[in-house]
Structure formats: C-alpha cells, structure tokens
There are 2 protein chains.
Amino acid sequence: MANAPVQRMSQLMAKTLRDDPADAEVLSHKLLVRAGYVRRTAAGVWTWLPLGRRVLANVERIVREEMDAIGAQEVLLPALLPREPYEATGRWDEYGPELFRLQDRKGGDYLLGPTHEEIFTLLVKDQASSYKDLPVILYQIQTKFRDEARPRAGILRGREFLMKDSYSFDLADEGLAESYALHRQAYQRVFDRLGLDYRICAATAGAMGGSKSEEFLAPAEAGEDTFADCPNCDFAANTEAITYELKPVDGSAVPALEEIPTPDTPTIETLAASLGVPASATLKNLLVKVDGEIVAVGVPGDREVDMDKVEAHFAPAVVEMVTEEDFAGRPDLVRGYVGPQGLEKVTYLADPRVAPGTAWITGANKPDLHAKNVVAGRDFEVDEYVDVVVVREGDPCPKCGTGLKLDRAIEIGHIFQLGRKYADALKLDVLGQNGKPVRVTMGSYGIGVSRAVAALAEQTADEHGLVWPREVAPADVHVVAAGKALQTELALEVSEKLRTAGLRVLVDDRAGVSPGVKFTDAELIGVPQILVAGRRSAEGVLELKDRKTGEREELTVDEAIARLTAMQA
Amino acid sequence: MANAPVQRMSQLMAKTLRDDPADAEVLSHKLLVRAGYVRRTAAGVWTWLPLGRRVLANVERIVREEMDAIGAQEVLLPALLPREPYEATGRWDEYGPELFRLQDRKGGDYLLGPTHEEIFTLLVKDQASSYKDLPVILYQIQTKFRDEARPRAGILRGREFLMKDSYSFDLADEGLAESYALHRQAYQRVFDRLGLDYRICAATAGAMGGSKSEEFLAPAEAGEDTFADCPNCDFAANTEAITYELKPVDGSAVPALEEIPTPDTPTIETLAASLGVPASATLKNLLVKVDGEIVAVGVPGDREVDMDKVEAHFAPAVVEMVTEEDFAGRPDLVRGYVGPQGLEKVTYLADPRVAPGTAWITGANKPDLHAKNVVAGRDFEVDEYVDVVVVREGDPCPKCGTGLKLDRAIEIGHIFQLGRKYADALKLDVLGQNGKPVRVTMGSYGIGVSRAVAALAEQTADEHGLVWPREVAPADVHVVAAGKALQTELALEVSEKLRTAGLRVLVDDRAGVSPGVKFTDAELIGVPQILVAGRRSAEGVLELKDRKTGEREELTVDEAIARLTAMQA
C-alpha cells in the first residue's frame with residue numbers, strides 16, 4: 001500500500017474556530033471543537049471529523065497492538081443485545097436509567113450494550129468445552145452506549161463512545177491473577193505509548209461486581225474522579241475506594257450521658273460555637289430512606305457524607321433524602337436534634353471514626369436539647385460500620401499515616417477481577433482435567449478509547465492549543481505555506497517529498513488566508529512538527545518548529561526531510 | 001510494529017462444527033458458522049469471532065485505502081441520532097418499522113442510524129460556508145441498524161451490520177457526476193481487490209430519493225436481488241429497475257366489445273382453457289387498497305404483479321390487498337369478474353403492455369360473464385401506466401430486444417445521485433463565487449462491509465469449505481502439524497520463520513486431534529495456502545497445498561518460505 005496522500009488544508013473538513021463553544025466547560029472540549037477534531041451531534045453524542053478520526057484510529061491501533069501482544073484475540077460483538085442474559089445477571093434492572101432500552105418491531109426487548117460481560121460469558125460457554133480451551137482473553141474495540149444523566153465535558157463523558165473491552169476466562173484464581181497482571185502490563189504499555197501521565201489506583205468495583213479492581217487515572221482538572229496520592233509512600237487510590245480503619249478506644253472513663261439545653265443551634269457550626277468545642281467533637285446524624293425505610297447515618301460533625309458511597313453501599317436499593325412528610329407521625333425523630341441513643345426503630349449506620357468507646361455531643365431527640373458524653377457501644381449501638389465520608393486533603397494515608405494529597409483525574413482504564421459472578425449467573429462451566437465440570441473465573445478490563453483522546457488533549461495542551469505526542473498525532477508534520485505562489489509551490493513540493501519518505505503530511509495550502517492565521521491554526525491543531533515555507537523560500541530554506549518546545553531552526557529542503565525522517569525511527 | 005504473532009489453533013477461539021446450524025438457509029451462513037467465523041447473538045445480530053474479525057478488518061482496510069485514494073476524508077458519526085433531522089426530511093415516518101426508535105431518560109426521541117444522509121448534510125452545513133469548501137467527499141466505516149422484518153441468510157441481511165457510507169457535496173450537477181464517477185471507479189477497485197464477481201446494474205433509488213443510481217450486484221444463489229443480464233449487449237439491471245416501453249398500437253379494426261358467458265372460470269387458467277386462448281390474451285385486474293382507497297391494476301393474464309413495485313410506486317402510502325369486506329356495498333366490483341370498462345369510481349393503473357389500442361378478454365363486471373374485444377383507450381381509460389409486472393427470463397432486453405437472462409445476486413454496493421433532496425429539506429447552501437447562496441447537490445454511496453464478507457464466502461466456497469482470496473484471508477498460510485511431537489515442533493518452527501518473513505500465520509498445533517480432522521478444518525477455514533508437516537518431517541520436507549486449486553508439492557523448509565514469501569509480492 002502506498003503512503004496516505006498529503007492532506008491539503010484547503011480541502012480538509014476541519015473548520016477551526018477562534019472562540020470557545022458556548023457549552024464547553026473543560027479544556028479538551030473547547031480545544032477539540034475549536035481545532036476541528038469533533039462536533040456535537042446531540043447531547044453526549046459526537047461526530048469525529050477527519051483530524052479527530054485519525055487520532056482516534058491511532059489510539060485504536062496502539063491498543064490493538066498491545067492487546068495482541070499479550071495473546072488476546074480480537075472479536076467484534078454487536079451493540080444491539082437481547083434482554084435475557086442481562087435479566088439473568090440482574091443488570092437489566094440494576095443498570096437503571098443509564099441503560100438504553102428499546103423494542104424491535106415484534107416487541108422484543110433489547111438494550112444497547114453499556115459493557116458486554118454477559119455476552120462474552122455466553123460466547124465462551126458456546127465455544128469452550130474443556131479445560132484445554134482455557135485460559136483465553138478476548139477483546140473488542142467497539143461502540144458503547146450509556147444514558148448518562150448529565151453528559152458533559154465533551155467526549156470525556158459521552159453517551160455513545162468507543163471502548164476497548166476485554167474479558168479473561170480462567171480455570172483457577174491463579175490464572176485470573178495472571179490474566180489480570182497481563183492486562184495491567186499491557187495497559188501500562190498502552191498509556192506509556194500514548195504519552196499519558198497516569199496513576200494506577202485501588203478502586204471500588206462499582207456495578208461490575210467482583211473483588212480486586214484498579215483504575216488507571218490520568219490527573220487532569222477536568223476529571224470527574226478524585227484520587228488520593230500519598231507524598232510519603234506508594235499509596236494511590238480513588239477516594240471512593242479509601243476506607244478508614246475501625247479503631248475501638250477505651251471509653252470507660254467517660255462520665256455519664258448528660259442532656260444540655262442548646263437553644264438556637266440548628267447547625268453543627270452554631271452548636272459547636274455555642275459550646276466552645278470543635279465540630280469534630282459532635283456527631284452528625286443524616287437520615288435517608290432506603291427503599292422507603294428510614295436509615296440514620298452517623299459521621300463526625302466536621303465530615304461530609306459522600307452520597308455516592310451511601311448509594312453504592314445500598315445498591316441496588318434506591319436511596320432518597322428524607323422530606324418534611326417523613327417526620328409526620330414519628331415523634332422519635334426530632335428534626336435537628338436526632339441522636340443515636342434511643343433510636344430504636346431506625347437502623348443506625350456509622351462511620352468507622354464513630355468507633356466503640358468514642359464519646360460525642362449529639363442530639364437528645366428532644367427540641368432544643370443536645371446530649372454530651374454519648375458513648376458508642378455504651379449509650380447506643382451501631383448496626384453497621386461503613387465508610388461514607390468524603391475523603392479530605394490531609395486525611396491519613398491508610399498505609400503509612402502521612403497526610404494524603406488529593407487530585408482530580410480522568411479514568412482512562414479499569415481492570416477488574418470479576419471472579420465467578422457472571423459465570424455463576426450464566427452457568428459457565430468447562431470440563432476439568434478430572435472430567436468434572438469446573439466453574440470458570442473471569443476478569444473484565446476496559447480502556448476508554450475516545451476518552452483517552454480527550455485525556456491526552458487535557459494533559460498536553462498549552463495556551464496555544466493542542467500538542468499531540470507523535471504516535472497519536474493526526475500527521476507527523478504540518479507544512480505551512482506562509483506567503484504567495486512561491487511559498488505554496490515549495491510547501492506542496494516538500495510535502496510530496498515527505499510523503500514519499502513515509503511521513504504523514506498535512507499542508508496548509510489555503511489561498512487568501514494570512515500567514516498569521518495559518519500559524520495560529522497550526523498551533524491550535526497541534527501536529528508535533530511545523531515546517532514553514534516563508535521568507536527564505538526562494539533560497540529553498542524552510543523553518544522547522546517543534547510544537548511542544550517552540551524551538552525553531554532554519555533548514556534546507558533536504559535537511560528538513562532528513563531531520564523529520566530521522567524523528568520517525 | 002512487529003508482525004502479528006503466530007496464531008495457534010490450540011488457543012484460538014474458533015470452534016469448527018461438522019454439521020450445518022439448524023437455522024442456516026444459505027451457504028455463507030452455514031460455512032461461516034461451521035468454520036468458526038461468526039456466531040448468532042440474536043435474530044439478525046452477529047458476533048464476529050477472531051477469524052471473522054480478521055476478514056472483516058481486511059475488507060475494511062481495502063475499502064479505506066480505495067476511499068482515501070479518491071480523496072475522500074474519513075470521519076465517524078454516531079449511531080444514536082436525534083429525531084429532528086429525520087423529521088425534517090420525512091424519513092422518521094417513511095422508514096416505518098425498519099427504523100429502530102428509542103427514547104432517552106428524559107423522553108427525547110432518538111433513532112439508530114440506518115444510513116446518515118441527514119447528519120452528513122448538517123455536518124457540511126456546519127463546516128462549509130463557501131464554494132471554496134466544495135467539492136468534498138466524506139466517508140465512514142460504521143455500524144448501521146435496520147429492523148428487518150425477516151432477518152435471514154446469516155450476515156447477508158442482518159439487523160446490525162458494518163457499512164462504508166460516503167456522501168459527496170458539490171455545487172453543480174457536473175460536479176456530482178464527477179463525484180459519482182469517482183465512487184464508481186473506487187468501487188470497481190474495491191470489488192476487484194476483494195476478488196468478487198459482480199455486475200454494475202441500473203437500479204431503482206428506493207427510499208433514498210434522487211435520480212441516477214446503480215447497484216453492484218454479486219451473482220450468488222443466496223442473493224435477495226434478481227438481476228437481468230442481456231446475452232447480446234451490455235445491458236444489466238436489477239429486475240426492479242426494468243420498465244417496459246409503452247408502445248401504442250392501432251386498434252381501430254378490433255370488432256365491438258362483446259360479452260360472453262363464462263361459467264365456472266374463476267381463474268385465468270380456466271378462463272383461457274375454456275375459450276381456447278393463451279392466458280396472455282386476457283387482462284387480469286388486481287384490486288389493492290392504497291391508504292384505504294381501492295385501486296385496480298391491470299396486467300396481461302400471463303404476468304405476475306410484483307407487489308414490491310406496486311408498493312414502491314405508491315410509497316409512502318400504505319398498500320394492502322382487498323378483503324371480502326371491501327366488496328360489501330360495492331355492486332360495481334364483482335369478485336372474479338372485474339373489468340376496467342365501467343370501473344368509474346376506481347383509479348385504474350395498467351402495465352405498459354396494456355397499451356392504447358390493444359384488445360383484451362376481461363371481466364364484464366357481472367357474475368359468470370366476461371367481455372372480449374375490450375380495447376384500451378376505446379372501451380376503458382388507463383389513469384396511469386406503470387410497470388409492475390415481475391420480469392421473466394426471456395423478456396426482451398430494453399436496449400436490444402434479445403431475451404434476457406435472469407440471475408440471483410447479492411447487493412454489495414450502491415451508488416446514488418441524490419441531487420438536492422436532502423439539501424432542500426435541511427437548507428444546505430454555500431456562498432457562490434458571485435456572493436449568492438448556492439444550494440448544494442449530493443450523492444450517497446454505500447458498501448456493505450460485513451455483507452461483502454458473506455458474498456465472498458458465497459462466491460468462492462467449494463464443497464470442502466471456504467476459499468478466501470489472499471488479501472481478505474484471515475492468514476496467509478495455515479500450517480498443519482500432522483503427527484506427533486516431531487511434526488508439531490517443525491510446524492511451530494516454520495511458522496515462526498514465516499512470521500519473521502512478514503507472513504500472517506495460523507498453525508494447527510492442537511494435541512490429540514487427528515491429522516484427518518486438521519486437514520478437514522484447514523479446508524473448511526479456507527486460508528489460501530496450507531503447509532503440512534507430515535510424514536517427511538524428519539527430513540525437513542513439508543507439503544504445500546493450494547487451497548483453491550488443490551495442487552500440492554513437497555518442499556524443504558527454506559523452499560516453502562521462499563515460495564510463500566514470493567506470493568506476497
């Protein structure tokens with residue numbers, strides 16, 4: 001196959017914009033739209049223009065090569081999936097409104113695949129019958145659909161997106177651990193080649209089920225995940241995955257519970273101020289309804305409750321906030337003065353910081369009264385300990401105790417040891433070496449291919465625009481004809497030579513566009529090397545500019561070709 | 001990038017089957033399932049297993065290269081599309097039940113794109129503002145969805161399938177003709193490279209609208225299209241697109257209309273027999289309801305009416321057959337004895353063979369009576385002439401009059417000159433050279449990428465299985481270890497050498513599988529060259545077999561490598 005033709009900007013479907021799109025909140029969204037890489041088709045649904053399609057294809061290629069390298073086999077599954085397998089695993093309902101559901105002309109129920117565990121499980125059930133057929137890793141690069149409540153941030157969180165998902169099938173836990181390790185290494189190679197800055201963090205498993213799971217997080221302000229990094233040890237985790245250890249203390253010396261009048265102290269702040277104690281000495285009791293049943297959640301007064309953690313804890317049950325009406329006919333619940341002591345008809349969950357033996361100031365379950373010296377395990381019982389507080393900068397590292405640093409990040413990859421959840425639901429067995437059926441254990445692994453493009457844009461952009469790493473860039477060199485016919489002729493001539501030498505070339509041959517606009521566009525588009533045919537074109541001298549470093553040098557045509565070709569090696 | 005690793009059959013997810021799947025009707029369906037290329041996930045929805053994924057990727061690559069070569073720019077549009085643009089062109093309704101419609105969590109209406117004219121039109125409206133931005137050809141290789149009434153024939157007619165669709169945008173008709181010609185050439189190169197036997201046939205435009213359109217039809221028994229080929233001249237057309245020319249005759253010498261008693265002649269056959277005339281002398285009048293209104297269609301008694309043509313003629317109106325109830329209260333309609341003379345309240349359509357001046361035997365609109373010498377234009381008026389009869393083998397070629405030959409074929413490509421239908425509906429203008437807006441003219445062009453795989457399987461298979469052309473095959477060579485450890489060792493060794501030489505290698509290293517089964521599987525899978533490490537392995541001699549011709553020869557390892565490498569050139 002011949003090299004791809006030189007792409008002329010005069011013909012390229014990539015209109016650059018001077019202003020940020022009105023609905024753009026994050027950098028990658030602004031830049032990818034302005035530089036003509038993507039356009040919005042509907043909320044959370046995007047079109048990839050020619051430059052964007054190329055970058056996406058480059059990411060696909062890198063992912064494919066690294067998956068092939070660990071012996072994974074590429075397949076392609078449909079997006080339109082039947083209801084039954086998702087019914088069998090419970091996800092038809094559990095997914096809630098995030099799942100796009102539809103009916104065919106005969107009224108059959110279908111969904112648009114948000115992820116394909118069920119179908120891969122059934123595929124292997126059809127294909128593998130014996131222990132000799134395992135282990136196997138299957139992957140696809142395929143379009144996924146999720147009806148996000150708030151599609152935002154451009155292609156960082158779309159409702160239709162490109163994903164590499166893979167699934168491993170093993171006979172035993174050690175095999176799963178090995179498949180998991182292979183993926184972990186492949187992901188590191190992928191993200192290293194993409195030139196992404198990332199951390200591998202412990203993560204919750206979310207709606208996937210299963211045990212061990214790690215996220216690949218790319219630090220970026222636009223990220224929707226918060227991760228904690230220990231400045232002292234190697235600990236790094238999604239804050240959702242950090243749990244505080246339960247450490248009981250000796251509370252036997254605490255004086256007896258005492259009620260104290262506290263008029264006009266409707267908030268933790270006013271209460272703490274009026275008593276002259278820190279907010280952390282008080283116990284805050286949040287009431288929620290879980291499938292309609294009232295549950296109280298106790299956390300130290302200075303901590304916020306992470307509702308995502310509460311929801312994850314009770315999932316698939318539905319969690320709602322209590323309303324005025326829920327207090328009607330419940331004299332045991334005194335609004336603003338709830339305390340766990342005597343809350344007999346209510347399930348009481350508490351943060352591990354409310355450990356047995358700790359003493360608190362909390363509501364006395366009577367108007368305008370609080371109670372002090374309220375000791376966990378003595379004055380009230382905790383039905384279940386669960387860490388639901390928002391992790392804060394400076395919270396102790398679970399590994400070494402040093403204060404943690406918090407950062408925003410984009411989840412670019414996720415690896416899970418699913419175990420036998422799906423194999424159990426869909427009865428995936430193979431015949432073992434002893435002739436008896438063995439239940440298969442699975443892993444599930446994802447890379448957000450389209451999201452990786454946005455993450456790269458976020459991390460590498462500067463004040464002038466996008467700055468692509470070479471392997472991902474839509475071209476190797478952006479040739480700019482900065483002048484009239486002479487410059488255009490030289491630009492086209494050198495472009496053709498570069499193409500013949502094996503480079504992917506974009507050339508700005510637009511007539512009637514000033515050199516200034518062309519330079520601005522070249523910086524915005526972010527091809528790694530910019531080769532300008534300008535003032536010294538008559539002498540055959542060009543200027544080569546490194547997009548990232550800004551370094552420039554003047555070179556003859558032959559020198560420029562030699563220099564650029566050498567960079568590909 | 002290093003060459004793809006050698007693929008071992010012992011690890012490959014491709015279970016071959018000895019028997020045809022129970023639901024398979026056509027050859028490609030049977031073979032692609034049996035050889036482990038595809039598996040059914042739901043009705044008309046398929047999974048591509050590793051071997052199938054490779055073939056599909058090869059077809060994609062060829063299509064991409066040839067589209068790039070005509071200067072088309074690759075983009076990627078979403079499958080999930082908003083209702084509004086399809087509402088604007090009328091296709092939201094016109095598509096009927098073939099369109100997958102769904103709602104998002106907010107109740108917004110969406111569809112799964114069956115084809116993307118609307119969205120491309122809007123994309124160019126956003127991107128192009130001046131005549132300088134045109135012409136442009138955009139393409140994508142993307143998943144389409146159509147809720148076929150009878151998904152059948154495996155991947156030949158699925159409900160989710162991979163398609164290359166492209167769209168051209170021009171200022172003037174000549175530009176459109178050129179974009180159309182470029183596509184025609186590119187399609188010829190694609191199908192030539194794929195090794196498909198095909199005809200370029202005049203076609204109806206179907207639901208697309210527009211004027212000129214041609215189909216690329218691959219002759220195959222499993223095809224759903226029938227095309228006519230002239231053995232004398234270069235005429236070839238989908239039978240749906242063939243129309244008989246209206247040739248009025250002089251009917252002035254025909255005697256006056258005469259009613260004749262015809263008891264017990266409920267059918268054309270019994271009528272013709274009792275009168276001793278050929279069926280072609282009688283006029284058959286079919287009654288249908290068009291949006292509830294009764295319409296009569298007259299054709300010679302020996303011809304069948306093609307209901308698809310009738311439906312296409314009246315689309316988007318709904319065509320139904322009349323029922324017993326429709327005759328109630330209509331004394332003018334005598335069942336079995338309908339004739340066009342005196343059918344005043346009914347619209348009368350007729351085949352061009354019922355030309356002015358032709359005389360017929362037809363119903364007398366009275367029970368047990370027919371009429372003869374019924375002359376078109378004298379005794380009855382035809383409201384509209386439209387060719388709705390089924391084309392028959394031996395019908396005259398519209399170009400030279402020779403009797404046509406009919407064959408079944410698979411539609412593998414379709415090119416349309418759409419004109420301004422979509423540009424009008426969505427108001428796509430650019431500023432012309434004179435500063436005034438110019439309405440853009442469009443073309444739309446499709447290749448069924450997944451269908452091309454099935455068409456290839458249909459055309460190239462033999463009694464032993466699939467026979468892939470080299471550029472499409474899942475591997476260049478299939479190495480078979482026909483024996484024990486010695487043969488397996490040699491097979492793996494030569495496989496690695498072939499990989500190093502740049503070949504894509506599949507090696508059957510399965511333990512405990514007999515040479516016979518391996519040979520059968522190799523024939524079934526259809527890689528072009530089969531290299532067997534068998535009886536003379538100890539001497540380092542292999543047998544090379546050409547899958548297509550069956551030719552065999554014995555070669556040393558080095559000779560085999562040289563021979564196979566030379567084939568790639």
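Quick caveat: nothing in here was measured; it's all calculated off a predicted structure. Here is how names work: the chains are called A, B, and so on, in the same order as the sequence lines, proteins then strands, and each is numbered from 1.
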Of the listed residues ([options]), which shares the most heavy-atom pairs with chain B below a 4.5 Å separation?
| options | answer |
| --- | --- |
| A:Gly36, A:Pro82, A:Ala69, A:Gly96 | A:Pro82 |
| A:Lys132, A:Arg101, A:Arg159, A:Gln11 | A:Arg159 |
| A:Ile119, A:Thr143, A:Leu123 | A:Leu123 |
| A:Glu74, A:Arg54, A:Glu84 | A:Glu74 |
| A:Ala149, A:Ala511, A:Gly108, A:Gly158 | A:Ala149 |
| A:Leu56, A:Leu102, A:Leu51, A:Asp104 | A:Asp104 |

In Å, rounded to the nearest 0.5 Å, how long is the span from [atom1] of [X] to [atom2] of [Y]?
| X | Y | atom1 | atom2 | answer |
| --- | --- | --- | --- | --- |
| B:Leu122 | A:Arg39 | CG | CZ | 13.0 Å |
| A:Asp126 | B:Thr47 | CG | OG1 | 9.5 Å |
| A:Tyr110 | B:Asp147 | OH | CG | 8.0 Å |

Contacting moiety of [X], where chain B heavy atoms sit under 4.5 Å:
| X | result |
| --- | --- |
| A:Arg61 | neither |
| A:Leu138 | side chain |
| A:Leu112 | side chain |
| A:Ala79 | both |

Less than 4.5 Å to any heavy atom of chain A: does that hold for the side chain of [X], its backbone, both, or neither?
| X | result |
| --- | --- |
| B:Arg8 | neither |
| B:Arg105 | both |
| B:Leu162 | neither |
| B:Phe161 | neither |
| B:Leu80 | both |
| B:Glu160 | side chain |
| B:Thr41 | both |
| B:Arg64 | side chain |

Close side-chain approach of [X] to [Y], heavy-atom, < 4.5 Å:
| X | Y | result |
| --- | --- | --- |
| B:Gln73 | A:Gln7 | yes |
| B:Lys15 | A:Asp133 | no |
| B:Phe169 | A:Met13 | no |

Please indicate whether B:Arg18 has more than 12 foreign heavy atoms, meaning atoms of other residues, nucleotides or ligands, lying under 6.0 Å from its CZ.
->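 Above 12, so yes.
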Check the surroundings of atom CD in A:Glu178: do more than 12 heavy atoms from other residues, nucleotides or ligands lie under 6.0 Å from it?
-> no
Assert top hit (heavy-atom pairs under 4.5 Å, partner chain A, pool B:Val38, B:Leu12, B:Val136, B:Leu134) equals B:Leu12
